[in-house]
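All of these numbers come straight from a predicted model, not from anything done at the bench.
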Amino acid sequence: MFGRREPVPFAFVAEADRFRSNINPPPRERLSVSQQAGRWLMGLTIVAGLVGSLVIGTPALTVDRADSHPQQSQASQNR
C-alpha cells in the first residue's frame, strides 16, 4: 500500500541557517510626496470616522435611569 520511505538527512537544515545569498532584492521605490500625503489623508479620514462614530453612537448606548420602568401604552391605561 505505502511505498518504502527513504531516510532524509537533516544536515541541509543546519546548513540553511548559515547560508547567505549574494543576490539582493531590488531596492524599494520611494513614494512621491503626493502619495505620502494621500496615505496620511486616508489614515486620518479613517481615524476621524471611527472617532466620530464613537462620539455619535455613545449616547445611544447609554441607559437612562429615569426610563428604567417598562413603558405602557395609552390603550392599556384607559381600561
Side-chain angles (χ1 to χ4, degrees):
M1 228 188 275
F2 294 106
R4 184 174 163 194
R5 292 190 175 186
E6 305 246 346
V8 178
F10 290 100
F12 67 90
V13 176
E15 291 176 9
D17 291 337
R18 295 187 306 246
F19 179 73
R20 300 288 271 180
S21 175
N22 60 355
I23 300 172
N24 293 330
R28 298 180 79 183
E29 275 189 38
R30 289 188 51 91
L31 296 176
S32 67
V33 175
S34 63
Q35 287 175 331
Q36 285 180 346
R39 287 188 180 186
W40 271 95
L41 285 174
M42 180 62 73
L44 200 64
T45 303
I46 291 171
V47 169
L50 290 172
V51 169
S53 65
L54 185 67
V55 167
I56 291 172
T58 301
L61 296 175
T62 59
V63 177
D64 294 334
R65 296 291 176 204
D67 293 338
S68 62
H69 58 81
Q71 295 180 352
Q72 294 181 350
S73 65
Q74 288 181 347
S76 65
Q77 293 175 356
N78 290 338
R79 284 189 189 182

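A donor-acceptor pair under 3.5 Å links the side-chain atoms of Q35 to the main chain of S32, judged by distance alone.
Under the 4.5 Å side-chain heavy-atom criterion for grouping Ile, Leu, Val, Met, Phe, Trp and Tyr, V47 is connected to V55 within one hydrophobic cluster. A continuous path of ILVMFWY side-chain contacts below 4.5 Å connects M42 to L50, so both sit in one hydrophobic cluster.
Note that CG of L61 and CG of L54 are 9.0 Å apart. Values are rounded to the nearest 0.5 Å.
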